[in-house]
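All figures in this text were calculated on a predicted structure; none of them were measured in a lab.
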Amino acid sequence: MTSGKTRTGFNIVLLVVALAGLAAGIGLSLTGRIESARIAWAAGVLPVLVALVVEIVRSLLRREVGLDVVAALSMSAALVFGETLAAAVVALMYSGGTFLESFAEGRAQREMHDLLSRVPRTATRYRDGALDEIPLDEIVPGDLLLIRQGDVAPVDGTVESERAVLDQSAMTGESMPVRLMRGKEVMSGSTNAGEAFDLRASRRAAESTYAGIVRLVEDAQRSKAPMSRLADRYSILFLAVTVALAAAAWWTTGDPIRGVAVLVVATPCPLILAVPVALVAGLSRAARFGVLIKGAKPLEALAQARTLILDKTGTLTDGRPQIVSIETFATLSPAQVLYLAAAADQASKHPMAQAIVASARAQNMLLPVPTDIGEVPGEGVAARVDGHSVTVGGIDFVQRRVATAAPLKRSSDAGSALVAVAVDNQLAGLLVLADSPRQGAADFLSGIRRLGVGRILLATGDRRVVAEAVTKDLGLDAVHAELTPDQKVLLVLSERKNGPVMMVGDGVNDAPALAAADVGVAMGARGAAASAEAADVVLLVDDLGRLLAGLEVAIQSRRIAFQSVAAGIGLSVAGMIAAALGYLTPVQGSLLQEAIDVAVILNALRALRISPDGSQRTSVLPQPVEI
């Protein structure tokens, strides 16, 4: 950010010098002091020209030829042939354009800068009955932290108080606070918008969501737009055409001023400035909706994607099994069965056990601490809860421990699992859990197709019967199941024949495919760090709908950039022809080009106001949401 401020300050100085020289010259010319006016105009041009030549030399040392060579030629030729007023207008045009570029980039990166500036430096930790202020790198998983009103959560963790009200707008784009109950996950970087609460750290600060996002933002800020590189690639051709047309105008008429007029009109500020302004603005706008795009190249790739490949677990589905039904066999109610099962399962780290505990807490059940715990890893848990003997686990595991006349046989649907519950040596109920498609998955897929993605495929390492059951009503073009990570990569590569490929995943096994795709998208909030590092785009919340917003921002930003370039270069070429035919003097040509530059820069800035339809579903909430 410091270098950006320095650059903006230097551009302001050049702009002031050019403007002062132009104004002083005009004032002197009005009093009839023409020679003094020319000196003033030249004095305003020279600093800008020197700075431009230095920048050109630096580019040449990097073996790059930029379009700003044309601007240097136009100013130099105007000075040599005595068209100092035209040179002064071009200097003002160029310095004004570079100032607008740095100003626009600074405004476009405001949301990212705000994100970086919110990084907390210390945290308040409970220790031996007291509160200590400690550096973030001293926090370890399991520490109990106090998050005061207005504090930013320094690490990922879970709510240990009854409830917490958090402002997640900087992370997710949600405009209203979210109310999280005890046991719910807190994303680092969220601001406490309610009363102070206790947070149980689950990760170190360097491994938390917020720290990862900050690193990704810093990487994104260092990128260079591919369209800018494309402009540099064809700059020699543009330069040759400009010089040839200027030389032809001079040769055929014998008037060097015709050539100067052509060079002045040809100053290619639209291509130099409009493209990076539009794309950087797009990056900032996407971040506002919880979509972190790691630079202008991924933004362009995202806008051009024609095939979407989705992972299943944690991407198309929530990735966490949820209770879909409870069947009871005794006098206990479904709520009582859930209460006893969840209390016992607090002792287990198995995903099924954690899902049962989460379901009970979502219903505001206050679970007692189990005693006499015994667990067979991967099979089940036995414990005492409120004086009752409770056994929770697979059907075979539970039936071996209960008194029942006949074996219980139940078949589960594809993609679902059964958990049996016994209370006091009697079978009490069955919990049916499933990892179903995310809410709104069908709407997401139809929205993706509406935005130009023609093929949508599933790529999963899960069994085919499960994959087909999960996707049977989603209208996918193909389902690829039981894939290894390298087979996912091969699928990505083979699909490129149908156009640029976008891959969405969240696990470590998805990282190679994300890296191989034209644009990889990672579910960043709960996804693996490897997938976030390999991906080009990171969704800051586990909501596929955010990808719709990001895709629409990318498409519109790219469209705005092309509109600016096409309009600017088209008008410039028309002006060059008019100047070559003698219809424009150098001063008139410079004024025309100034108007063109301002128009295309203002058009590029429209990317800051993009309002994607896909964001409306999640960006406006009437009140804090209880989870």
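The side-chain contact (heavy atoms from CB on, under 4.5 Å) test applied to Ala515 returns Ala534, not counting sequence neighbours. Remark: Glu162 engages Arg182 in a salt bridge (charged side-chain N to carboxylate O under 4.0 Å, His left out) (not counting sequence neighbours). Applying the salt bridge (charged side-chain N to carboxylate O under 4.0 Å, His left out) criterion to Arg200, with sequence neighbours excluded, gives Glu160. Applying the side-chain hydrogen bond (donor to acceptor under 3.5 Å, both in side chains) test to Asp486 and every residue at least two apart in sequence or in another chain returns Thr484. Not counting sequence neighbours, the partners of Gln336 by the side-chain contact (heavy atoms from CB on, under 4.5 Å) test are Leu332, Ser333. Every side-chain contact (heavy atoms from CB on, under 4.5 Å) that Ala341 has, sequence neighbours left out, goes to Ile356, Val392, Val421, Leu431. Applying the side-chain hydrogen bond (donor to acceptor under 3.5 Å, both in side chains) rule to Gln304 yields the partners Arg558; only residues at least two apart in sequence or on another chain are considered. Among residues two or more places apart in sequence or in another chain, the side-chain contact (heavy atoms from CB on, under 4.5 Å) test is passed with Asp518 by Arg496, Pro500, Val501. Residues satisfying the side-chain hydrogen bond (donor to acceptor under 3.5 Å, both in side chains) test with Arg148, not counting sequence neighbours, are Thr124, Asp151. In this structure, the side-chain hydrogen bond (donor to acceptor under 3.5 Å, both in side chains) partners of Arg606, at least two apart in sequence or on a different chain, are Gln563, Asn603. Listed by chain and number, the residues in a salt bridge (charged side-chain N to carboxylate O under 4.0 Å, His left out) with Arg125 are Asp143 (sequence neighbours excluded).
Taking CG from Asp345 and CG from Leu340, the interatomic distance works out to 11.0 Å, rounded to the nearest 0.5 Å. Rounded to the nearest 0.5 Å, atoms OG (Ser611) and CD (Glu552) are 9.0 Å apart. Taking CD1 of Ile326 as the reference point, atom CG of Leu338 lies at 4.5 Å (rounded to 0.5 Å). Expressed to the nearest 0.5 Å, how far CG of Leu445 lies from CD1 of Ile456 amounts to 4.5 Å. The distance from the CD1 atom of Ile293 to the OG atom of Ser557 is 7.5 Å, given to the nearest 0.5 Å. Going from atom CE of Met503 over to atom NZ of Lys488 covers 5.0 Å, rounded to the nearest 0.5 Å.
Contact of the Phe197 side chain with the Leu180 side chain is not registered, since no non-hydrogen atoms from C-beta on lie closer than 4.5 Å. Contact check for Glu300 versus Val519: no side-chain heavy atoms found under the 4.5 Å cut-off. With a 4.5 Å cut-off on side-chain heavy atoms, Val432 and Ile323 do not count as touching. Two residues are said to be in side-chain contact when any heavy atoms from C-beta on lie closer than 4.5 Å; Arg204 and Val140 meet this criterion. At least one side-chain heavy atom of Phe397 sits less than 4.5 Å from a side-chain heavy atom of Thr391.
Closest approach of Ala344 to Val390, counting heavy atoms only: CB-CG1, 4.0 Å. Closest heavy-atom contact between Ala335 and Met365: O-CE, 3.5 Å. Between Met187 and Ala153, the closest heavy-atom pair is O-CB, 4.1 Å. The heavy-atom pair separating Leu514 from Ala522 by the smallest distance is CD1-CB, 4.4 Å. Pairing each heavy atom of Val155 with each of Arg203, the nearest pair is CB-O, 3.6 Å. When every heavy atom of Gln346 is checked against every heavy atom of Val357, the shortest pair comes out as N-CG2, 3.8 Å.
The closest donor-acceptor contact from the side chain of Asp311 to the backbone of Val504 lies at 3.5 Å or more, if one exists at all. When atom types are taken as modelled, the side chain of Arg361 and the backbone of Asn364 share no donor-acceptor pair closer than 3.5 angstrom. With hydrogens and angles disregarded, a donor-acceptor distance shorter than 3.5 Å links the side chain of Gln354 to the backbone of Ser348. Proximity of a side-chain donor or acceptor of Ser202 to a complementary backbone N or O of Asp156 within less than 3.5 Å is detected. Between the Ser161 side chain and the Asp198 main chain, a donor and an acceptor come within less than 3.5 Å of each other.
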| side-chain contact (heavy atoms from CB on, under 4.5 Å) assessment of Val521 paired with Leu547 | CA-CA 8 Å; Val521 181; Leu547 182 55; 4.1 Å; yes
| request: Just do the side-chain contact (heavy atoms from CB on, under 4.5 Å) check on Val159 and Met181 with the steps written out, would you? | output: CA-CA 7 Å; Val159 178; Met181 308 308 291; over 6 Å; no
| message | If you apply the rule side-chain contact (heavy atoms from CB on, under 4.5 Å), what do you find for Tyr126 with Leu145, and how did you get there? | response | CA-CA 6 Å; Tyr126 288 97; Leu145 309 176; over 6 Å; no
| request: Using the side-chain contact (heavy atoms from CB on, under 4.5 Å) rule, take Arg546 and Val291 through it: C-alpha gap first, then chi angles, then the decisive distance, then the call. | output: CA-CA 7 Å; Arg546 300 304 175 116; Val291 183; 4.0 Å; yes
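A salt bridge does not link Asp536 with Lys297: none of the charged nitrogens is closer than 4.0 Å to a carboxylate oxygen.
Counting non-hydrogen atoms of other residues, nucleotides and ligands closer than 6.0 Å to CD of Gln487 gives a total above 12.
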